[in-house]
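Structure first, commentary second.
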Amino acid sequence: QVRLVESGGGLVQAGASLRLSCVASGRTFSGFAMDWFRQAPGKEREFVAAISWSGEITYYADSVKGRFTISRGNVKNTVYLQLNSLKPEDTAVYYCAAVRPQPWSAVVNGASPDYWGQGTQVTVSS
């Protein structure tokens, strides 16, 4: 059974940092890109960041560029999202997702992930 399990969310004050983790299991994820998405209350799920299988290529939504960093662990089925300089508008449930092997251009142009995690809550107070 494929599982993506996120952790690391919490309640922090504006300006603080968090590090989210996601561990994928249940199949071989060789070649898969990994994404982070988020969904705020009453809003649609939105793309946050993506990282290639190799970890050498990353892509970010404009709203988080310069504040968030996506990375992969030495074990490539683990992906992280470092959240710095958090703002109240970053409050959301954060999801990791796995995207089957395909051209990077497709990944950054909205390719639908094949697997999703259950999410971890990030709440930023002002």
Side-chain angles (χ1 to χ4, degrees):
Q1 181 182 1
V2 174
R3 295 186 68 199
L4 277 68
V5 180
E6 303 95 335
S7 61
L11 170 63
V12 297
Q13 291 188 330
S17 298
L18 283 173
R19 190 192 197 205
L20 307 184
S21 300
C22 173
V23 179
S25 62
R27 64 156 291 160
T28 299
F29 286 92
S30 178
F32 276 66
M34 297 293 289
D35 293 345
W36 284 95
F37 287 78
R38 67 185 181 185
Q39 187 167 20
K43 295 187 177 181
E44 293 187 354
R45 188 176 296 183
E46 65 172 351
F47 169 83
V48 174
I51 188 165
S52 64
W53 163 250
S54 68
E56 295 177 354
I57 308 172
T58 58
Y59 180 75
Y60 297 93
D62 288 343
S63 58
V64 306
K65 199 173 296 183
R67 298 189 299 121
F68 292 7
T69 303
I70 189 171
S71 61
R72 296 189 89 128
N74 290 332
V75 178
K76 291 193 182 296
N77 64 332
T78 301
V79 63
Y80 304 101
L81 187 67
Q82 179 70 37
L83 291 65
N84 296 333
S85 303
L86 281 162
K87 305 174 182 180
E89 51 263 44
D90 294 318
T91 294
V93 178
Y94 284 71
Y95 300 89
C96 71
V99 184
R100 69 179 58 209
Q102 57 193 287
W104 181 248
S105 59
V107 175
V108 301
N109 280 287
S112 295
D114 297 89
Y115 304 104
W116 292 87
Q118 293 300 306
T120 185
Q121 176 71 47
V122 172
T123 303
V124 185
S125 62
S126 58

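Under a 3.5 Å cut-off, the side chain of Arg72 and the backbone N or O of Ala33 do not form any donor-acceptor pair. Side-chain N or O atoms of Tyr60 include one that pairs as donor or acceptor with a backbone N or O of Ile70 at under 3.5 Å. In this structure, Glu6 contributes its side chain and Thr120 its backbone to no donor-acceptor pair below 3.5 Å.
Heavy atoms of other residues, nucleotides or ligands lying less than 6.0 angstrom from CZ of Arg27 number more than 12.
With rounding to the nearest 0.5 angstrom, the CG atom of Leu20 is 8.0 Å from the OG atom of Ser7. The structure places CG of Leu81 at 10.0 Å from CZ of Arg19, a figure rounded to the nearest 0.5 Å.
The minimum heavy-atom distance between Ser17 and Ser85, with the atom names listed, is OG-N, 4.3 Å. Taking all atoms of both residues into account, the shortest heavy-atom contact from Pro113 to Ala97 is CB-CB, 3.4 Å. Between Val122 and Gly9, the shortest heavy-atom distance links the atoms CG2-CA, 4.1 Å. Between Ser126 and Pro88, the closest heavy-atom pair is CB-CG, 3.9 Å.
By the criterion of side-chain heavy atoms lying less than 4.5 angstrom apart, applied directly or through intervening Ile, Leu, Val, Met, Phe, Trp or Tyr residues, Tyr115 is grouped together with Met34 in one hydrophobic cluster. Hydrophobic clustering, with ILVMFWY side chains joined whenever heavy atoms are under 4.5 angstrom apart, groups Leu18 together with Ile51. Val93 is not connected to Val23 by any chain of hydrophobic side-chain contacts under 4.5 Å among Ile, Leu, Val, Met, Phe, Trp and Tyr, and they are in different clusters. Neither Trp104 nor Val79 shares a network with the other; the hydrophobic side chains, linked directly or stepwise wherever heavy atoms of I, L, V, M, F, W or Y lie under 4.5 Å apart, form separate groups for each.
Each side-chain hydrogen bond (donor to acceptor under 3.5 Å, both in side chains) pair with one or both residues in residues 89-98, not counting sequence neighbours, appears once here: Arg38-Asp90, Arg38-Tyr94, Arg67-Asp90. Among pairs with a residue in residues 109-119, those fulfilling salt bridge (charged side-chain N to carboxylate O under 4.0 Å, His left out) read Arg100-Asp114, at least two apart in sequence or across chains.
Lys87 has its side chain out of reach of Val124: every pair of non-hydrogen atoms, C-beta onward, lies at least 4.5 Å apart. Using a 4.5 Å heavy-atom threshold, the side chains of Trp116 and Val2 count as separate.
A donor and an acceptor atom, one from each side chain of Ser30 and Thr28, are nowhere located under 3.5 Å apart.
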Exercise for review: Take Asp35 and Val107 through the side chain to side chain contact (heavy atoms under 4.5 Å, CB included) test and state the conclusion after the steps.
Suggested key: CA-CA 9 Å; Asp35 293 345; Val107 175; 4.0 Å; yes

Point to revise | Criterion side chain to side chain contact (heavy atoms under 4.5 Å, CB included) on Leu86 and Phe68, from CA distance to verdict | key: CA-CA 9 Å; Leu86 281 162; Phe68 292 7; 4.0 Å; yes

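For Tyr59, the ring-ring contact (aromatic ring centres under 6.0 Å, His included) test picks out Phe47, with sequence neighbours left out. The ring-ring contact (aromatic ring centres under 6.0 Å, His included) test applied to Trp53 returns no partner, not counting sequence neighbours. Residues forming a side-chain contact (heavy atoms from CB on, under 4.5 Å) with Ser105 (at least two apart in sequence, or on another chain): Pro103, Asn109. Considering only residues two or more places apart in sequence or on other chains, Phe32 meets the ring-ring contact (aromatic ring centres under 6.0 Å, His included) condition with Phe29.
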